[in-house]
Colleague: 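Submitted below is the structure of interest, expressed as structure tokens.
Excluded from the calculations below are hydrogen atoms, water molecules and symmetry mates; all remaining heavy atoms, backbone and side chain alike, are included. The chains referred to below are lettered A, B, ... by the order of the sequence lines, with proteins before strands, and numbering in each begins at 1.
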Amino acid sequence: MNKYRSHNCNQLRKESVGTDVILSGWINKKRDHGNLLFIDLRDNYGITQCIINKDNSNFKELEKIQLETVIKIEGKVVDRSKDTINKEIQTGEIEVVIQTFNVLGTCKELPLPVFSDQEYSEEIRLRYRFLDLRRKKIHENIILRSKVISYIRNQMNEFGFLEFQTPILTSSSPEGARDFLVPSRLNPGKFYALPQAPQQFKQLIMVSGFDKYFQIAPCFRDEDARADRSPGEFYQLDLEMSFVEQNDVFKVVEKLLVNTFNEFSDKKLLFNKFPRITYKDSMLKYGSDKPDLRNPLIINDITEIFSRDDVSFEIFKKLVKSGSKVRCIITKNTKDKPRSFFDNIDKWAKEQGASGLAYFTIEKDKEVSGKGPVGKFFSKNSIEEIMKKTGAKVGDSIFLACARQIELEKITSLARDKIARDLELIDDSVFAFCWVVDYPMFEKNEITNKIEFSHNPFSMPQGNLDDLNFDDPLNILAYQYDIVCNGIELSSGAIRNHIPELMYKLFSVAGYSKKDVEQKFSGMINALSFGAPPHGGIAPGIDRIVMLLANEKNIREVTMFPMNQNAQDLMMNAPSEINEKQLKELNIILKDKK
RNA sequence: GGGGGUGUAGCUCAGUUGGUUAGAGCGAUCGCCUGUCACGCGAUAGGUCGAGGGUUCGAGUCCCUUCACUCCCGCCA
């Protein structure tokens with residue numbers, strides 16, 4: 001028998017009554033009655049109540065031991081009387097009478113209580129992450145993460161995918177996020193980059209003829225953190241398939257996600273077949289390329305209305321003339337909402353940096369009219385036209401924003417979310433997945449006015465390749481797609497461009513010469529010219545999937561050892577200074593600090 | 001880089017209009033308690049009110065600067 005335990009802390013049941021057992025674990029809680037002491041012993045699996053009284057010579061010593069000390073106890077399993085059964089824990093029908101005990105690991109005074117429902121500052125939690133991770137909720141989150149990853153791995157294997165590892169030390173990529181760099185000792189003055197994603201490698205795997213690849217891949221991007229974005233590193237289910245079209249990728253991923261979410265969450269999927277929304281539609285109807293489809297509100301463009309003579313909303317009309325657009329959100333049957341409801345939203349919009357949200361409610365006495373601050377600016381006919389365009393009915397309200405397209409998308413997107421929350425329209429008990437498809441290949445950088453790749457430069461453009469109009473690059477669409485769930489971007493992917501000549505052309509549109517491309521993507525271009533299969537893939541974010549399944553709003557709640565917002569690991573003290581010898585070996589001289 | 005929020009005991013927080021010696025719960029220490037499961041009861045210790053400066057007779061409280069954490073914008077092909 002193992003010297004530390006005969007059972008774990010969640011194993012003993014009524015049937016074990018009378019047997020001698022050895023348990024080891026942490027002291028979760030003590031209840032000291034003076035001559036009788038209860039100890040809740042906890043391990044990964046659960047809790048067992050152990051008991052000792054003053055007749056035992058160990059009593060005095062055990063009474064003094066700190067919470068979270070690791071002990072081993074030997075004792076006998078006994079029945080609990082009916083009125084002392086604890087239904088909250090699975091071992092609640094029995095308890096263990098302690099005969100002897102040993103301390104296996106002592107514990108100093110705790111900087112944070114482990115057994116408590118209190119919330120703690122991130123700083124203290126991250127500094128003492130090993131204690132934080134003992135707490136029930138996050139402990140379970142991390143176990144969930146393990147199970148989800150294992151499940152996904154099994155599914156992928158079943159689907160016929162092969163798992164490969166790709167290099168962690170690789171080359172810096174000119175497109176995309178900021179790289180993490182690693183100096184090379186053997187090549188002074190040169191640097192490796194940590195991969196932002198195994199993008200080029202997975203394409204090379206396809207060129208190598210492996211057909212279907214996946215990896216739970218670490219990705220490194222040196223960008224600022226958000227609640228749903230860890231600084232530094234995160235994990236993707238990276239996958240790639242040969243001889244496929246967009247639909248083939250969709251089929252695999254839909255199946256995987258539907259299975260995974262059904263397996264690990266009680267929430268219902270709103271769509272088993274994910275709706276497909278074009279990027280253009282998404283930006284118009286939801287103001288965002290990551291629409292939350294739980295939210296029934298839809299944005300409508302009613303710019304035209306403001307060129308009518310019977311509309312006298314002069315501020316908007318003037319803005320429209322100078323190129324702004326007007327978009328609106330209809331709320332159903334809100335005529336009886338108090339004035340404060342509307343004003344709060346307007347006030348909120350101003351706080352978001354917009355010039356506010358105008359609003360009125362559609363009423364009908366003898367004929368329809370607008371009630372509310374700006375209602376008087378709209379004639380009966382113009383309101384009827386709005387109703388026709390937007391599906392609004394009498395009793396509904398209309399929120400209007402006017403701005404240039406990009407700002408307008410931003411504010412209407414935020415307003416859509418805000419209004420739905422205020423009206424409690426978002427069903428929190430479902431997952432609403434969708435595909436966002438048909439991304440433009442290029443976009444214009446607003447500041448530099450230059451044409452840039454809008455997403456992945458290796459994506460395949462849509463349409464007949466011979467007819468592509470490179471003089472009008474902004475209208476070229478790509479086989480580029482995202483998966484969004486409840487307004488969170490879960491992954492993006494694409495059918496790749498496997499034709500070198502086409503790649504040169506596309507890169508030239510974005511201002512790269514043939515030489516640039518050959519230099520920066522030599523591995524890729526070279527490979528594609530030796531018989532590359534058509535291929536495509538996607539890379540769902542593991543952390544975000546687990547976050548949704550665990551019903552958490554912050555990615556650190558599903559990450560074992562996350563860094564803080566400043567990309568520091570407070571527990572391991574990273575990043576840290578390094579010594580002169582190391583610097584010298586790496587040929588690095590630090591600039592003097594101020 | 002910019003904006004918002006927070007910062008008071010080991011932890012979570014309260015602290016009125018600027019006014020005597022800065023409080024509570026949990027935790028710690030000590031004592032009492034044989035059926036608790038957030039056990040109960042009593043006592044004790046524990047504070048650079050994030051830091052620095054200013055206004056004031058007097059600052060946890062008002063002002064300025066700064067630091068830390070966090071949320072958001074930028075950024076994230």
Colleague: With side-chain hydrogen bond (donor to acceptor under 3.5 Å, both in side chains) as the criterion, how do A/E123 and A/N564 come out once you've worked through the C-alpha distance, each side chain's angles and the decisive distance to 0.1 Å?
Modeller: CA-CA 8 Å; A/E123 189 176 5; A/N564 70 9; over 6 Å; no
Colleague: Would a line drawn from the ring center of A/F458 to the ring center of A/F521 be shorter than 6.0 Å?
Modeller: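 Yes: the rings meet the under 6.0 Å criterion.
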Colleague: Between protein and nucleic acid, restricted to nucleotides 7-10 of chain B and to nitrogen or oxygen atoms under 3.5 Å apart, what atom pairs and distances do you find?
Modeller:
unit_1, atom_1, unit_2, atom_2, d
B/G10, O2', A/P111, O, 3.1

Colleague: Assess whether atom OH of A/Y235 is packed by more than 12 heavy atoms of other residues, nucleotides or ligands within 6.0 Å.
Modeller: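 No - once you tally the heavy atoms of other residues, nucleotides and ligands closer than 6.0 Å, there are 12 at most.
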Colleague: Should the pair A/R13-A/E93 be classified as a salt bridge under the 4.0 Å nitrogen-to-oxygen rule?
Modeller: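 A salt bridge is absent here (no side-chain N lies under 4.0 Å from a carboxylate O).
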Colleague: Where the side chain of A/F38 is defined as all heavy atoms beyond and including C-beta, which of B/C76, B/U36, B/A28 is the nearest nucleotide?
Modeller: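 Closest nucleotide to the A/F38 side chain: B/U36.
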Colleague: For A/K410, report the nucleic acid contact type (base, sugar-phosphate, nothing); a contact means any heavy atom under 4.0 Å.
Modeller: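 Here A/K410 touches the backbone only, sparing every base.
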Colleague: Using whole Å, report how far CD1 of A/I406 lies from P of B/G74.
Modeller: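 Rounded to the whole Å, the gap is 11 Å.
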Colleague: Quick one: does A/R229 reach the base of B/C76 with a side-chain donor-acceptor pair under 3.5 Å?
Modeller: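 Answer yes: a donor N or O sits under 3.5 Å from an acceptor.
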Colleague: Can you sort out the partners of A/N28 under side-chain hydrogen bond (donor to acceptor under 3.5 Å, both in side chains), two or more places apart, ordered by chain and number?
Modeller: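 Testing A/N28 for side-chain hydrogen bond (donor to acceptor under 3.5 Å, both in side chains), a comparison that skips the adjacent residues, returns A/R42.
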Colleague: Check A/E223 with A/R229, please: is the shortest side-chain N to carboxylate O separation under 4.0 Å?
Modeller: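 No, no charged N to carboxylate O under 4.0 Å.
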Colleague: State yes or no: are the ring centers of A/Y481 and A/Y439 separated by less than 6.0 Å?
Modeller: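 A/Y481 vs A/Y439: aromatic centres not under 6.0 Å.
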Colleague: Nucleotides 68-71 of chain B: which of its N/O atoms have a protein N/O under 3.5 Å away?
Modeller:
unit_1, atom_1, unit_2, atom_2, d
B/C69, OP1, A/N564, ND2, 3.0
B/C69, OP1, A/Q568, OE1, 2.9
B/C69, OP2, A/N566, ND2, 2.4
B/U70, OP1, A/Q565, N, 3.4
B/U70, OP2, A/Q565, N, 3.1
B/U70, O3', A/R556, NH2, 3.3
B/C71, OP1, A/N554, ND2, 2.6
B/C71, OP1, A/R556, NH2, 2.7
B/C71, OP2, A/Q565, NE2, 3.2

Colleague: I'd like the P distance from B/C11 over to B/C63, given in whole Å.
Modeller: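 Nearest-Å result for B/C63 against B/C11 at atom P: 27 Å.
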Colleague: Give A/S81 one of three labels, base, sugar-phosphate or nothing, depending on what nucleic acid heavy atoms sit under 4.0 Å from its own.
Modeller: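 No contact at all - A/S81 keeps every heavy atom at 4.0 Å or more from the nucleic acid.
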Colleague: Any Lys/Arg nitrogen of A/E452 or A/K444 sitting under 4.0 Å from an Asp/Glu carboxylate oxygen of the other?
Modeller: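 No, A/E452 and A/K444 are not salt-bridged.
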Colleague: Between A/N53 and A/E119, which is nearer to the 5' end of RNA chain B once each is assigned its nearest nucleotide?
Modeller: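 Of the two residues, A/E119 wins.
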Colleague: Any chance the side chains of A/D292 and A/N295 put a donor and an acceptor closer than 3.5 Å?
Modeller: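 Side-chain D/A pair, A/D292 to A/N295: absent.
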Colleague: Atom pairs under 3.5 Å, N or O on each side, protein against nucleotides 41-46 of chain B: can you list them with distances?
Modeller:
none

Colleague: Looking at A/R125 and A/D132, does any basic side-chain N land under 4.0 Å from a carboxylate oxygen?
Modeller: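 Counted as a salt bridge, because a side-chain N and a carboxylate O are separated by less than 4.0 Å.
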Colleague: Reckon A/Q196 touches a base, only the sugar-phosphate, or nothing at all at heavy-atom distances under 4.0 Å?
Modeller: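 Counting heavy atoms under 4.0 Å across all strands, no contact is made by A/Q196.
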Colleague: Looking at A/L62, A/I39, A/L37, which hits side chain to side chain contact (heavy atoms under 4.5 Å, CB included) with A/D32?
Modeller: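 For A/D32, the side chain to side chain contact (heavy atoms under 4.5 Å, CB included) test succeeds with only one of A/L62, A/I39, A/L37, which is A/L37.
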Colleague: Want to know the stems of RNA chain B: at least 3 consecutive Watson-Crick or G-U pairs with distances under 3.5 Å, which are they?
Modeller: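 Stem list for RNA chain B: B:1-7 with B:67-73, B:10-13 with B:23-26, B:28-32 with B:40-44, B:50-54 with B:62-66.
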Colleague: What nitrogen or oxygen pairs link the protein and nucleotides 37-40 of chain B at under 3.5 Å?
Modeller:
unit_1, atom_1, unit_2, atom_2, d
B/C37, O4', A/R31, NE, 3.0
B/C37, O2, A/Q49, OE1, 3.3
B/C37, O2, A/N86, ND2, 2.9
B/C37, N3, A/R80, NH1, 2.9
B/C37, N4, A/T84, O, 2.4
B/C39, OP1, A/K29, NZ, 3.1
B/C39, OP2, A/R31, NH1, 3.2
B/C39, N4, A/D32, O, 2.2

Colleague: Between B/U55 and B/G23, how far is it from one C1' atom to the other, in whole Å?
Modeller: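 Rounded to whole Å, the distance is 28 Å.
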Colleague: Do A/N497 and A/I499 make a side-chain contact, defined as non-hydrogen atoms from C-beta onward lying under 4.5 Å apart?
Modeller: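 Yes, at least one pair of side-chain atoms sits under 4.5 Å.
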Colleague: With a 4.0 Å cut-off on heavy atoms, is A/Y120 in touch with a base, just the backbone sugar-phosphate, or nothing at all?
Modeller: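 It contacts sugar-phosphate atoms only.
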Colleague: Any side-chain N or O of A/K64 under 4.0 Å from OP1/OP2 of B/G31?
Modeller: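 For A/K64, the contact criterion (side-chain N or O under 4.0 Å from OP1 or OP2 of B/G31) is met.
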Colleague: Is there a donor-acceptor contact under 3.5 Å linking the side chains of A/Q49 and A/N86?
Modeller: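 On atom types as modelled, these side chains do not qualify, holding no pair under 3.5 Å.
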